[in-house]
A.B. asks: 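The structure under discussion is supplied below as structure tokens; questions concerning it will follow.
Below, chains carry the letters A, B, ... as their sequence lines are ordered, and counting in each starts from 1.
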Amino acid sequence: MTAVEPVTADAGRDFIRDIVQADLESGRHKQVVTRFPPEPNGYLHIGHAKSICLNFGVAEEFGGRCHLRFDDTNPTKEEQEYIDAIEADVRWLGFDWGQHLYHASDYFERLFEWAEHLIRAGKAYVDDQSQDEMRASRGTLTEPGRNSPFRDRGVEENLDLFRRMRAGEFPNGARVLRAKIDMTSGNINLRDPVLYRILHATHPRTGTEWKIYPSYDYAHGQSDAIEGITHSICTLEFEDHRPLYDWFLDNLPVPSHPHQYEFARLNLTYTVLSKRVLNALVKGGHVSGWDDPRMPTLAGIRRRGVPPAALRDFVKRIGVAKANSLVDLGVLDFSIREVLNKSAQRRMAVLRPLKVVIENYPESQGEELEAVNHPDDPAAGTRRIRFGPEIFIEQDDFMENPPKKFFRLSPGAEVRLRYAYFITCREAVKDAAGNVVELRCTYDPATKGGNAPDGRKVKATIHWVSAKDSVPAEVRLYNPLFTKPEPDVSNFVNDLNPNSLEVLAEARVEPSLVQGNSPEPVQFERQGYFCLDPDSQPGRPIFNRTVGLRDTWAKIQGAG
RNA sequence: UGGGGAAUAGUUCAACGGUAGAACAGCGGACUCUGACUCCGUUAAUCUAGGUUCGAAUCCUAGUUCCCCAGCCA
């Protein structure tokens, strides 16, 4: 009862944490125990990250623990691949469940015994109705349901049938075990919910041992109770399951009675976080896989180069509440930049090259110049970069007829080449079609390193790479997967963004970017943050744009 | 027409009967060898109508709007 204040200093406050703190202060609980309970039927996405950060975060902040528990009660949808991926994703996000890895399937035997307990107490029965009959007698939202003709079966008959269900004597769908609660309840979850269904399927963990499987409602709360969960945190759609959650715990000899609390799930603009749709995206070949960098999955986000700290920062920023909300994707971008700006080393890369010939540069062999790796972190050191008579600059950094406020290169204009020299554009060379294909420039030898001894200023500094020494690379730019802030989930293909992936095959990058072959994210100066993609081949590096830098110039142009 | 929830700046979240505040976005400016970063300034909100109270975003009443529930999915 001593340490009720959160252990972690800046643990954001929300109604869940308020409840936990109050429970600790009042002595209702001595230690907080939470759990993250994914069903292994797909990959984790950013919405899960919110739940993971909440559950593990609360436990961490209040000195408790958080379990990882697989809700593996439906073998027809679950696979080992997902189990492995989920564990890897939670670890990557930065959380550790220690020894507390569990599965609902660990409790199948106990759940079965408890089902018999309910039968003996006259609170559960085997129903022989077909699925259609059950649906018909369940009633509607406004009309009460009718009792099943099998509802008043005797205890012994129920026990016998239930055991034969387990023994595999009946085919799928032949019978179910139902709780006997109230077919007239306004809460449809209380109209004799199904506890067990017959499923002749192979379970990733229990194999073919079981022919019947517990439903979510029947398994979840009891699993919580077995593990001594104090605060069972889930999303809003389970709010009206809570009376059922409590009914089981009140009617079974469980070792503890956890409490369920619900929060609003995450929604993001231009993003779909429905497992059904994400699955269809992968299976339908609309993306390259679960880890396609355009996917909102943790695997995709990771491959795009987003550091886990950025995700944690994002989750902290959006808060936790009970109101449905739609978070602007820009908030995620902000969190990513926030983290990467501090950690990513700077490099130069030209995405859409435009050749520049420096006419008065005397040394055909070029020279080496020094560049800092991180402007705010001297400890990051410096590196040498090659300069030469021919370089590439960004096509966007030249305009033949510049509008006012355009500070970069144009005929007659002078700019600084970062870490190199001032150059002045003398001529734009065009091809037959009138496209600018090359710039003829002159440089000022006195400005070596980037400063003019005469104190002369330039309005812009642009990045560049040596034509001879830079290496070719492919750069993949990612845009939102959907064209609408709120894509139509029932017809998502219509809202798919045809420009979600933009491949730049002719990019040129500093050689230092491929020497280390390190997976560390870097900033391409004036462009954004990038990371090496696993598709890279020797001699053919591929970079993913994690997120672009803020681009005030683009905004000015867009407005004009 | 049943049951369960939610409504505060453009967005997300605070304020727990006592000065409506933050972050993101926006706008303006400073700085700058990244039109980045950083810094400064600024626009902007209590769903509606009544009531209780010295005082209401907060309590009460009646509405309005939005979300979830009729799987042998979770």
A.B. asks: Applying a 3.5 Å limit to both distances, which nucleotide forms a Watson-Crick or G-U wobble pair with B/rC47?
C.D. replies: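 Its partner is B/rG63 (Watson-Crick or G-U wobble, both distances under 3.5 Å).
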
A.B. asks: Using the side-chain heavy atoms of A/D240, tell me which of these nucleotides is nearest: B/rC24, B/rG35, B/rC69.
C.D. replies: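 Closest nucleotide to the A/D240 side chain: B/rC69.
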
A.B. asks: Rounding to an integer number of angstrom, what distance separates B/rU34 and B/rC67 when you compare their P atoms?
C.D. replies: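 Going atom to atom, P in each nucleotide, I get 48 Å.
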
A.B. asks: Is there a Watson-Crick or G-U wobble partner for B/rG17 with both distances under 3.5 Å, and if so, which one is it?
C.D. replies: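 Pair assignment: B/rG17 / none.
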
A.B. asks: What's the closest nucleotide to the side chain of A/F334 if the choices are B/rC24, B/rU34, B/rU38?
C.D. replies: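 For A/F334, the side-chain atoms sit closest to B/rC24.
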
A.B. asks: Phosphate oxygens OP1/OP2 of B/rC72: is one of them under 4.0 Å from a side-chain N or O of A/R138?
C.D. replies: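 Result: yes.
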
A.B. asks: For A/F392, is the NZ or CZ atom of A/R508 found under 6.0 angstrom from the centre of its six-membered ring and inside 45 degrees of the ring axis?
C.D. replies: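 No, A/R508 and A/F392 do not form such a contact.
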
A.B. asks: Counting side-chain heavy atoms from CB outward, which of B/rG5, B/rU34, B/rA70 is closest to A/R526?
C.D. replies: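 Minimum distance to the A/R526 side chain belongs to B/rU34.
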
A.B. asks: Can you tell me the base-pairing partner of B/rU11? Count Watson-Crick or G-U wobble geometry only, both distances below 3.5 Å, and say none if there is no partner.
C.D. replies: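 Its partner is B/rA23 (Watson-Crick or G-U wobble, both distances under 3.5 Å).
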
A.B. asks: Between B/rC40 and B/rC31, how many Å separate the two P atoms, rounded to a whole number?
C.D. replies: 15 Å

A.B. asks: Roughly how many Å apart are B/rA56 and B/rU19, using the C1' atom of each and rounding to a whole number?
C.D. replies: 14 Å

A.B. asks: If we take the P atom in both B/rU46 and B/rG21, what is their distance in whole Å?
C.D. replies: 14 Å

A.B. asks: Assign A/V176 to base, sugar-phosphate, or nothing according to its heavy-atom contacts below 4.0 angstrom with the strands shown.
C.D. replies: base

A.B. asks: Kindly point out which of B/rG71, B/rA74, B/rG35 is positioned nearest to the side chain of A/R135?
C.D. replies: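 Nucleotide nearest to A/R135's side chain: B/rG71.
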
A.B. asks: A/T34 side chain to A/N55 main-chain N or O, any donor-acceptor pair under 3.5 Å?
C.D. replies: yes

A.B. asks: Do NZ/NE/NH1/NH2 and the carboxylate oxygens of A/E39 and A/K77 come within less than 4.0 Å?
C.D. replies: no

A.B. asks: Among B/rG2, B/rC72, B/rA74, which nucleotide has an atom closest to any side-chain atom of A/L141?
C.D. replies: B/rG2

A.B. asks: Between A/K211 and A/E169 (salt bridge meaning N to carboxylate O under 4.0 Å), is one present in this structure?
C.D. replies: no

A.B. asks: Consider the side chain of A/E239, meaning its heavy atoms from C-beta on, and name the nucleotide among B/rA74, B/rG5, B/rA23 that approaches it most closely.
C.D. replies: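 Closest of the options to the side chain of A/E239: B/rG5.
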
A.B. asks: Side chain of A/M134 only, heavy atoms from C-beta on: which candidate in B/rA7, B/rC37, B/rC72 is closest?
C.D. replies: B/rC72

A.B. asks: So what's B/rG2 paired with, Watson-Crick or G-U wobble, going by both distances under 3.5 Å?
C.D. replies: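 When the pairing criteria are applied, B/rC69 turns out to be the nucleotide that pairs with B/rG2.
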
A.B. asks: Taking the minimum atom-to-atom distance to the side chain of A/Q131, which one of B/rC37, B/rC72, B/rA74 wins?
C.D. replies: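 It is B/rC72.
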
A.B. asks: Between A/D313 and A/R317, is there a salt bridge with N-O shorter than 4.0 Å?
C.D. replies: yes

A.B. asks: Expressed as a whole number of angstroms, how long is the span from A/L244:CG to B/rG3:C1'?
C.D. replies: 14 Å

A.B. asks: With the side chain of A/T73 defined as its heavy atoms from C-beta on, choose the nearest nucleotide among B/rG26, B/rA74, B/rG35.
C.D. replies: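 Among the listed nucleotides, the one closest to the side chain of A/T73 is B/rA74.
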
A.B. asks: So that I can tick it off, tell me whether A/R153 and A/D127 are bridged by a salt bridge, with the cut-off set at under 4.0 angstrom between side-chain N and carboxylate O.
C.D. replies: no

A.B. asks: Looking at B/rA14, B/rG26, B/rA74, which one has an atom nearest to any side-chain atom of A/K555?
C.D. replies: B/rG26

A.B. asks: Please tell me if A/R197 has a side-chain N or O lying less than 4.0 Å from either OP1 or OP2 of B/rC73.
C.D. replies: yes

A.B. asks: Please report the distance, rounded to the nearest Å, between CH2 in A/W553 and C1' in B/rU34.
C.D. replies: 16 Å

A.B. asks: What's the gap between B/rG3 and B/rA9 when it is taken at their P atoms, as a whole Å value?
C.D. replies: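 Here B/rG3 and B/rA9 have their P atoms 29 Å from each other.
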
